[in-house]
Protein chains: 2
Amino acid sequence: MNREPLPFQLFTEIAIIDQLAGNAFERALPAGITRAQFTVLHHFIRRGLAEQSPAQLADAIQVTRGTMTSTLARMERSGLISVRPDPADGRAKLVALTEAGRAMRDACVAAIGPLLPLVEQSLDETELQTMLQLLQRLRQKLDNARDTAI
Amino acid sequence: MNREPLPFQLFTEIAIIDQLAGNAFERALPAGITRAQFTVLHHFIRRGLAEQSPAQLADAIQVTRGTMTSTLARMERSGLISVRPDPADGRAKLVALTEAGRAMRDACVAAIGPLLPLVEQSLDETELQTMLQLLQRLRQKLDNARDTAI
DNA sequence: GTTATATAGTTTGATATCAAATTGGAGCAA
DNA sequence: TTGCTCCAATTTGATATCAAACTATATAAC
């Protein structure tokens, strides 16, 4: 039926799913917080980090430093993070979660909980595992490609 | 290791892959055209469409009408599409590809060709097929959910 | 026919994102 | 110390995206 190369179809499906899921996700989040901001909060907690430089966050989350600058500015304004100069490097800053940030992250996790069963309604446990493995492999490949030549 | 619910991990992987692939994709495209604009060009060709209203395009591509308005405005300015009033409905418009639009779509397809082997280097044919099937099921589920209650 | 409701498209304001240019400190070399 | 290069963060300008408000036309209800 479909004459598209399979990899092309794959990226098309992924783009659509990301858009659908991302929208549902963002609509489920508490007012005033976005997916990008949640990603920062979540990163701190998941990795058990205390302080991180904007550059470290940008690299981990795979956005440019300019993007991270503006996201962090908004998060600081709304009190989710604190930012201080790095005493060891005059160019750098150190970002940490505030209590409000921690609480907001918990509220977000609770808010998106109800979305997760949607996945379980379309894929069983084994399928989910399979898909995750394959996606991880693909992601690593893309990640390496980005570092080398692209 | 990872204590995240599997569906959550799944969405995380998909988001990262979409970001990585989308960036590579956009960098590969000819100067002056974007992923969103390519999606419109591609939609016309893939479905063999002559004319479509902005609303039809927005629905098919899953963006809001406001988003489509601004994308189409840019595409018309750069000559990729032509737009005329719908003679049958005073509110509506009819969008069609120009020759330049058709040519640009071909150029885009050629430009992204070299990216596709990246997928084949991480997944064999069977795995790709499996993944596509599962993703399609998930996408359909999310699509239905969006229509009903979310 | 007039009014009410629905639909097509646009506009506005906010956020995210990138690439490229800029600012200013860090570190090394001569 | 002076200069050169590298790196952290920011700024700028463009695009995409959404939700919500708005304009104008169409259609139904009466």
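Residue numbers begin at 1 in each chain, while the letters A, B, ... track the order of the sequences.
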[atom1] of [X] versus [atom2] of [N]: gap in Å, rounded?
X	N	atom1	atom2	result
B:Asp86	D:dA24	CG	C1'	15 Å
B:Gln19	C:dA16	CD	P	13 Å
B:Ile33	D:dA16	CD1	P	9 Å
B:Asp18	D:dT17	CG	P	11 Å
B:Gln56	C:dG9	CD	C1'	14 Å
B:Gln62	D:dA16	CD	P	18 Å
B:Arg27	D:dT15	CZ	C1'	16 Å
B:Phe25	C:dC18	CZ	P	17 Å

If only side-chain N and O atoms of [X] are considered, is one of them under 4.0 Å from the OP1 or OP2 phosphate oxygen of [N]?
X	N	answer
A:Gln37	C:dA16	yes
A:Arg91	D:dC7	no
B:Arg35	D:dA16	no
B:Thr64	D:dC18	yes

Practice item. Mind checking A:Gly90 for me? I need base, sugar-phosphate or nothing, with any heavy atom below 4.0 Å counting as a touch. Key: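 Here A:Gly90 touches the backbone only, sparing every base.
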Review point. Checking all strands, does A:Asn23 fall into the base, sugar-phosphate, or nothing category for heavy-atom contacts under 4.0 angstrom?
Key: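 The residue A:Asn23 makes sugar-phosphate contact but no base contact.
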For the student: nearest non-hydrogen atoms of [X] and [Y], plus distance:
X	Y	result
A:Leu80	A:Ala100	CD2-O, 4.0 Å
A:Val83	A:Ile81	CG2-CD1, 4.0 Å
A:Gln19	B:Gln62	NE2-O, 3.3 Å

Which listed nucleotide ([options]) is nearest to the side chain of [X]?
X	options	answer
A:Ser53	D:dA26, C:dC18, D:dA9	D:dA9
A:Ala92	C:dA26, C:dA8, D:dA9	D:dA9
B:Thr69	C:dC18, C:dT10, D:dA8	C:dT10
B:Arg65	C:dG9, C:dA8, D:dT17	C:dA8
A:Thr67	C:dC18, C:dT10, D:dC18	C:dC18
B:Ala55	D:dT10, D:dA26, C:dG9	C:dG9

Review point. Which residue, B:Leu116, B:Leu132, B:Val119, B:Leu123, forms the side-chain contact (heavy atoms from CB on, under 4.5 Å) with A:Leu6?
Key: B:Leu132
Exercise for review: Could you tell me how the ring of B:Phe8 sits relative to the ring of A:Phe38: parallel (under 30°), tilted (30 to 60°) or perpendicular (over 60°)?
Suggested key: perpendicular
Practice item. Could you identify which residues of residues 70-79 of chain B place a heavy atom less than 4.0 Å from some atom of DNA chain D, listed by residue number, or say none? Key: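 The answer is B:Ser70, B:Arg74.
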Review point. About how many Å separate CG of B:Leu142 and CD of A:Gln121, when rounded to the nearest 0.5 Å?
Key: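 So the gap between those two atoms works out to 10.5 Å.
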Review point. Just how far is it from atom CZ of A:Arg74 to atom CD1 of A:Ile33, taken to the nearest 0.5 Å?
Key: 12.5 Å
**Study point:** Min side-chain heavy-atom separation B:Leu41-B:Met75 under 4.5 Å
**Key:** yes
Exercise for review: By nearest nucleotide on DNA chain D, pick out whichever of B:Ala88 and B:Glu26 is the more 5' one.
Suggested key: B:Glu26
